Amino acid sequence: VSVGAIMDRNLLRTERILTMEEARKALKSEPKWLLIDGSNGPTALMPAVDLARYLEDTAKLQTQEHIQAPESVDLMDIPANRRDVAPVQYQATLEEAMHEFDLNNAEALYVQRHVAPMIQRVYGVVLKSDIESYYQYRRS
């Protein structure tokens with residue numbers, strides 16, 4: 001079985017620093033995950049609900065304590081359950097994906113495919129628990 005068969009496609013790839021408006025726009029499509037880009041490609045994965053919670057808390061502070069809203073949001077600085085990521089190719093098997101987890105000490109893998117020379121497109125994300133639960137499901 002390939003990682004493409006079990007990956008979660010409900011993600012949005014985004015820059016690390018967003019304006020408040022960009023952050024709200026990012027949540028409009030209701031992604032489950034935000035894949036945060038660094039200088040050399042994706043560096044972390046975080047649940048989109050953590051950004052939503054931060055925006056909500058910031059809005060509450062503005063109205064209750066009349067605090068000025070920050071102009072931008074650094075997704076690596078806000079309280080969130082971020083995971084370290086590593087790449088895996090779309091056609092990789094689940095066994096190869098498990099090997100990538102061990103090799104890179106990653107907590108999540110982003111599934112990518114070459115679409116043109118030097119261009120990688122991200123299609124989804126796979127957690128170790130996704131693979132483990134797939135194997136548990138197959139046994140039962």
Side-chain angles (χ1 to χ4, degrees):
V1 175
S2 77
V3 291
I6 68 161
M7 70 181 173
D8 189 344
R9 296 173 187 269
N10 192 2
L11 90 151
L12 177 70
R13 191 171 177 178
T14 183
E15 296 296 320
R16 174 183 174 161
I17 298 173
L18 303 172
T19 65
M20 293 301 270
E21 184 58 32
E22 288 169 336
R24 281 188 210 85
K25 246 186 230 172
L27 296 174
K28 283 252 192 290
S29 62
E30 298 182 6
K32 180 178 178 183
W33 300 104
L34 297 175
L35 186 62
I36 304 164
D37 267 333
S39 54
N40 295 324
T43 57
L45 181 75
M46 71 180 259
V49 294
D50 289 350
L51 175 59
R53 189 176 307 114
Y54 172 80
L55 293 177
E56 199 174 278
D57 292 348
T58 304
K60 273 185 196 165
L61 282 175
Q62 276 181 268
T63 54
Q64 292 173 353
E65 301 177 25
H66 306 291
I67 293 173
Q68 184 71 27
E71 289 186 20
S72 63
V73 180
D74 185 339
L75 296 180
M76 296 302 281
D77 278 349
I78 67 172
N81 182 16
R82 281 179 288 280
R83 298 164 193 249
D84 292 331
V85 293
V88 67
Q89 291 302 314
Y90 187 83
Q91 64 274 13
T93 64
L94 297 184
E95 185 178 340
E96 291 167 331
M98 288 302 275
H99 179 69
E100 288 298 321
F101 276 115
D102 295 339
L103 195 67
N104 295 300
N105 277 339
E107 299 165 289
L109 298 175
Y110 58 93
V111 182
Q112 65 181 9
R113 178 188 260 171
H114 289 284
V115 290
M118 304 299 290
I119 298 175
Q120 298 273 7
R121 179 157 175 238
V122 175
Y123 287 90
V125 65
V126 176
L127 305 179
K128 203 173 201 174
S129 59
D130 295 336
I131 297 173
E132 289 164 350
S133 63
Y134 174 81
Y135 282 123
Q136 292 297 322
Y137 174 77
R138 295 287 295 168
R139 278 197 207 117
S140 54

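Heavy-atom basis, side chains included; hydrogens, waters and symmetry copies ignored. Because the structure is predicted, anything quoted here is derived from the model rather than measured. The first residue in the sequence is number 1, and the count goes up from there.
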If I compare all heavy atoms of [X] with all of [Y], which pair ends up nearest, and what's the gap?
{"X": "Ala23", "Y": "Leu51", "answer": "O-CD2, 4.0 Å"}
{"X": "Tyr54", "Y": "Pro70", "answer": "OH-CG, 3.7 Å"}
{"X": "Tyr123", "Y": "Met7", "answer": "CB-CE, 3.7 Å"}
{"X": "Thr93", "Y": "Glu96", "answer": "N-OE1, 2.7 Å"}
{"X": "Glu30", "Y": "Asn10", "answer": "O-OD1, 3.5 Å"}
{"X": "Arg113", "Y": "Gln89", "answer": "CA-OE1, 3.9 Å"}

Apply side chain to side chain contact (heavy atoms under 4.5 Å, CB included) to the pair Gln112 and Arg121, showing each step before the final yes or no.
CA-CA 5 Å; Gln112 65 181 9; Arg121 179 157 175 238; over 6 Å; no

Of the options [options], which is the one that meets [X] in a side chain to side chain contact (heavy atoms under 4.5 Å, CB included)?
{"X": "Ser129", "options": "Ile131, Val126, Leu127", "result": "Leu127"}
{"X": "Met46", "options": "Ile36, Asn81, Thr14", "result": "Ile36"}
{"X": "Leu35", "options": "Leu12, Val85, Val125", "result": "Val85"}

About how many Å separate [atom2] of [Y] and [atom1] of [X], when rounded to the nearest 0.5 Å?
{"X": "Glu100", "Y": "Asn105", "atom1": "CD", "atom2": "CG", "answer": "12.0 Å"}
{"X": "Glu107", "Y": "Lys128", "atom1": "CD", "atom2": "NZ", "answer": "10.0 Å"}
{"X": "Trp33", "Y": "Asp8", "atom1": "CH2", "atom2": "CG", "answer": "7.5 Å"}
{"X": "Glu15", "Y": "Ser72", "atom1": "CD", "atom2": "OG", "answer": "13.0 Å"}
{"X": "Lys25", "Y": "Glu22", "atom1": "NZ", "atom2": "CD", "answer": "7.5 Å"}

Is the shortest heavy-atom distance from the side chain of Glu65 to the side chain of Lys60 under 4.5 Å?
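Heavy-atom side-chain distance check fails, nothing below 4.5 Å.
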
For Asp74 and Met76, indicate whether the former's side chain and the latter's backbone hold a donor-acceptor pair under 3.5 Å.
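Checked: pair present.
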
Salt-bridge test for Asp77 and Arg82: reply yes if a basic N is under 4.0 Å from a carboxylate O, no otherwise.
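The answer is no: the pair does not qualify as a salt bridge.
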
Under 4.5 Å between side-chain heavy atoms, hopping through other hydrophobics if needed: is there a path connecting [X] to [Y]?
{"X": "Tyr110", "Y": "Leu45", "value": "yes"}
{"X": "Leu34", "Y": "Val73", "value": "yes"}
{"X": "Leu94", "Y": "Tyr90", "value": "yes"}
{"X": "Ile119", "Y": "Val111", "value": "yes"}
{"X": "Leu75", "Y": "Leu27", "value": "yes"}

Please name all residues satisfying side chain to side chain donor-acceptor pair (under 3.5 Å) with His99, sequence neighbours left out, ordered by chain then number.
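Once residues adjacent in sequence are excluded, His99 has no partner under the side chain to side chain donor-acceptor pair (under 3.5 Å) criterion.
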
Hey, could you give me each pair passing side chain to side chain donor-acceptor pair (under 3.5 Å) that has a residue in residues 36-46? Not counting sequence neighbours.
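Sorted pair list: Arg13-Asp37.
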
Quick one: do Met20 and Leu55 satisfy side chain to side chain contact (heavy atoms under 4.5 Å, CB included)? Show the steps, please.
CA-CA 8 Å; Met20 293 301 270; Leu55 293 177; 3.7 Å; yes

Salt bridge (Lys or Arg N to Asp or Glu O under 4.0 Å) evaluation trace for Glu21 with Arg24:
CA-CA 5 Å; Glu21 184 58 32; Arg24 281 188 210 85; 3.7 Å; yes

